[in-house]
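Structure first, commentary second.
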Amino acid sequence: QAKSRGRSRVALFEAAMDEDLHHRRRIEGELRRAIDGDAVKVVYQPKVCARTQRIVGVEALARFVDADGRPVSPSVFVPIAEESGLIAGLGERVLRTACADAARWSIGVAVNLSPAQFRGDDIVDTVKSALESAGLDPARLTLEITETVLVNDPEGARRRLDALRAMGVKLALDDFGTGYSSLVYLQRFKLDSMKIAQGFLEGLAPDTDAMTVLSSMVALGHALGLTVVAEGVETVRQVELLKRAGADEFQGNVFAEPMSRAVLEAMLASGDGAVIPLRQAATRA
Ligand code: C2E
Ligand code: MG
Ligand code: MG
Ligand code: MG
């Protein structure tokens with residue numbers, strides 16, 4: 001009996017695997033066809049100055065809608081795109097769109113680069129070409145990379161990052177604190193900013209270990225000359241505590257969710273000079 005139960009569990013497991021694989025294959029196929037079409041879009045999430053709450057830049061985020069019209073999360077389709085070799089095309093689409101859009105604004109734009117995009121030397125030419133065809137000042141483009149990029153191939157990464165820096169592009173370390181070798185890489189690579197991973201904001205309260213860790217991370221970033229950005233900021237309370245910790249910039253739904261170019265442009269053009277009031281946040285928190 002135990003044996004047959006074991007077998008049926010295996011069957012269930014295999015069925016789940018099949019379904020998962022089927023789902024992944026479907027997404028991959030749709031993504032392959034969609035990369036140059038309407039199913040892939042770019043949205044922008046504002047980043048605000050901690051002091052003025054004025055929009056100082058935006059992060060470009062890819063959005064993908066499947067054949068049934070359902071949005072698929074980037075945490076699902078980005079890994080699929082990486083494993084199937086589609087990330088180069090997807091990433092270039094996002095990069096070109098973001099550069100072309102940002103050329104219409106006065107603020108900067110940040111684009112995520114996945115480890116797979118960073119593996120080849122092509123990335124330097126791709127960035128250069130995207131900047132040139134958009135006519136965007138390189139200083140207004142930030143590339144967000146994760147530690148994985150630096151760990152996998154430190155020599156190649158250094159060469160490519162140096163070439164990008166020489167071009168005038170800014171570099172940010174994304175999801176800081178989620179890797180294991182952060183400190184080594186932070187001091188070895190020349191970066192402009194670090195984004196503290198959202199996890200550090202969970203359960204944040206005064207006089208707690210969480211608060212001590214957060215303040216130390218901000219101090220570390222500043223000691224290294226980096227702009228410290230907090231991401232995934234969801235509540236007014238987090239905003240207050242992040243200010244206390246000394247963070248420079250905030251990004252999160254408490255200020256604004258990712259939005260279309262049109263909505264962002266309306267916001268930038270609004271009378272309040274693109275200052276996002278916390279009133280918006282207060283109703284949510
Ligand atoms: P990320 O680069 O760390 O981007 C921040 C993520 O936090 C975004 O998720 C954003 O929508 C989300 N977020 C912002 N504010 C809040 C908040 O207040 N609460 C919560 N819970 N979440 C918030 P998203 O858009 O789902 O993207 C997830 C990840 O997928 C990104 O993390 C990035 O690693 C990757 N990704 C997205 N677009 C691209 C892309 O064009 N290229 C590459 N290579 N990766 C991308
Ligand atoms: Mg990012
Ligand atoms: Mg992040
Ligand atoms: Mg990330």
Side-chain angles (χ1 to χ4, degrees), residues 27 31 34-35 39-48 55 57-65 71-99 101-102 108-120 123 126-127 130 141-149 170-179 182 191-202 204 217 228-239 242 247 249-260 264 276 278 280-281 283-285:
I27 302 271
L31 207 50
I35 277 179
V40 173
K41 287 202 162 61
V42 181
V43 291
Y44 299 99
Q45 185 176 38
K47 224 171 33 173
V48 304
I55 301 178
V58 292
E59 176 175 13
L61 295 161
R63 292 291 177 262
F64 170 63
V65 177
V72 182
S73 165
S75 56
V76 172
F77 73 79
V78 169
I80 294 176
E82 281 180 349
E83 285 156 27
S84 56
L86 293 170
I87 194 69
L90 178 74
E92 187 167 347
R93 162 90 189 269
V94 174
L95 180 69
R96 287 188 179 278
T97 306
C99 288
D101 288 350
V109 71
V111 174
N112 292 286
L113 286 191
S114 80
Q117 281 175 275
F118 212 75
R119 220 162 276 149
I123 189 66
T126 304
V127 169
L141 176 66
T142 297
L143 298 174
E144 295 193 1
I145 56 168
T146 55
E147 286 167 71
T148 320
V149 162
K170 301 266 190 284
L171 301 169
L173 190 62
D174 203 354
D175 305 331
F176 179 73
T178 56
S182 315
L191 303 163
D192 299 282
S193 57
M194 68 150 128
K195 300 184 84 170
I196 295 177
Q198 188 190 26
F200 291 97
L201 305 184
E202 269 161 38
L204 205 56
M217 284 201 298
V228 179
V229 185
E231 67 178 345
V233 186
E234 288 179 338
T235 67
V236 174
R237 184 154 177 78
Q238 288 171 348
V239 171
L242 280 162
E249 296 173 2
F250 305 140
Q251 182 183 335
N253 295 346
V254 72
F255 291 103
E257 290 175 27
M259 58 187 77
S260 68
L264 174 69
I276 307 188
L278 257 176
Q280 210 169 330
T283 55
R284 228 186 281 262

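Remember, it's 1-based here, ligands and their atoms both numbered in the order they're listed. Bear in mind that the values here come from a model prediction, so they are computed numbers and not experimental data.
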Within 4.0 Å of some non-hydrogen atom of E231, the atoms of ligand 1 are 3 (O), 5 (C)
Within-4.5 Å side-chain heavy-atom neighbours: D101 and V42 = no
Min side-chain heavy-atom separation P115-T146 under 4.5 Å = yes
Is there a side-chain contact between V40 and L90 (heavy atoms, below 4.5 Å)?
-> yes
The Mg ion (ligand 3) to nearest N/O/S of E144 below 2.8 Å = no
Going by the order shown, which atoms of ligand 1 are within less than 4.0 Å of some heavy atom of G232?
-> 15 (N), 16 (C), 17 (C), 18 (O)
May I ask whether E82 places a heavy atom under 4.0 Å from ligand 1?
-> no
May I ask whether G91 has any heavy atom positioned less than 4.0 angstrom from an atom of ligand 1?
-> no
Applying a strict 4.0 Å limit to heavy atoms, is E257 in contact with ligand 1?
-> no
In ligand 1, the atoms that come under 4.0 Å of a heavy atom of G252 are 15 (N), 18 (O)
Contacting atoms of ligand 1, where contact means under 4.0 angstrom from a heavy atom of N112 | 2 (O), 42 (N), 43 (C), 44 (N), 45 (N), 46 (C)
Can you check whether S114's main-chain N or O pairs, donor with acceptor, with Q117's side chain at less than 3.5 Å?
-> yes
With a 4.5 Å limit on heavy-atom distance, are the side chains of N253 and Q45 in contact?
-> yes
Taking L143 as the fixed residue, which of V149, D174, L113 is the one that meets the side chain to side chain contact (heavy atoms under 4.5 Å, CB included) rule?
-> L113
Between L95 and L141, is any pair of side-chain heavy atoms under 4.5 Å apart?
-> yes
Between the CG atom in L191 and the OG1 atom in T142, the distance rounded to the nearest 0.5 Å is 11.0 Å
With only distance considered, is L113 within less than 3.5 Å of ligand 1 through an N or O on each side?
-> no
For the pair E231 and K47, find out whether any cationic side-chain nitrogen is under 4.0 Å from an anionic carboxylate oxygen.
-> no
May I ask you to check whether D175 brings an N, O or S atom to under 2.8 Å from the Mg ion (ligand 2)?
-> no
Would you check the N or O atoms of R63, main chain and side chain alike, for any that come under 3.5 Å of an N or O of ligand 1?
-> yes
Side chains of L201 and L242: does their closest heavy-atom pair fall under 4.5 Å?
-> yes
For the Mg ion (ligand 2), find the closest N/O/S atom on D174 and give its atom name.
-> OD2
Atom 27 (O) of ligand 1: of P71, P74, P115, A197, the nearest heavy atom sits on P74
Using 30° and 60° as the class limits, which term best fits the ring planes of F250 and F255: parallel, tilted or perpendicular?
-> parallel
What do you reckon, does S75 have a nitrogen or oxygen under 3.5 Å from a nitrogen or oxygen of ligand 1?
-> no
At under 4.0 Å between heavy atoms, what of E59 touches ligand 1? The answer is side chain
Just by distance, do the side chain of Q238 and the backbone of T235 share a donor-acceptor pair under 3.5 Å?
-> yes
Based purely on interatomic distance, does E234 place a nitrogen or oxygen under 3.5 Å from a nitrogen or oxygen of ligand 1?
-> yes
Close-contact set for ligand 1 against Q117 heavy atoms, below 4.0 Å | 44 (N)
Using a 4.0 Å heavy-atom cut-off, say whether D174 meets ligand 1 through its side chain, its backbone, both or neither.
-> side chain
Among V78, L61, I145, which one has a heavy atom closest to atom 8 (C) of ligand 1?
-> L61
Atom of E231 nearest the Mg ion (ligand 3) (restricted to N/O/S, atom name only) | OE2
Answer with side chain, backbone, both or neither: which part of V254 has a heavy atom less than 4.0 angstrom from an atom of ligand 1?
-> neither
Ligand 1 to V94, heavy atom cutoff 4.0 Å, flagged ligand atoms 41 (O)
Could you tell me whether the side chains of E59 and N112 share a donor-acceptor contact shorter than 3.5 Å?
-> yes
Between atom CG of L86 and atom CG of L31, what is the distance when rounded to the nearest 0.5 Å?
-> 5.5 Å
Which single N/O/S atom of E59 lies at minimum distance from the Mg ion (ligand 2)?
-> OE2
For ligand 1, is any non-hydrogen atom under 4.0 Å from P258's backbone (N, CA, C, O), its side chain (CB onward), both, or neither?
-> side chain
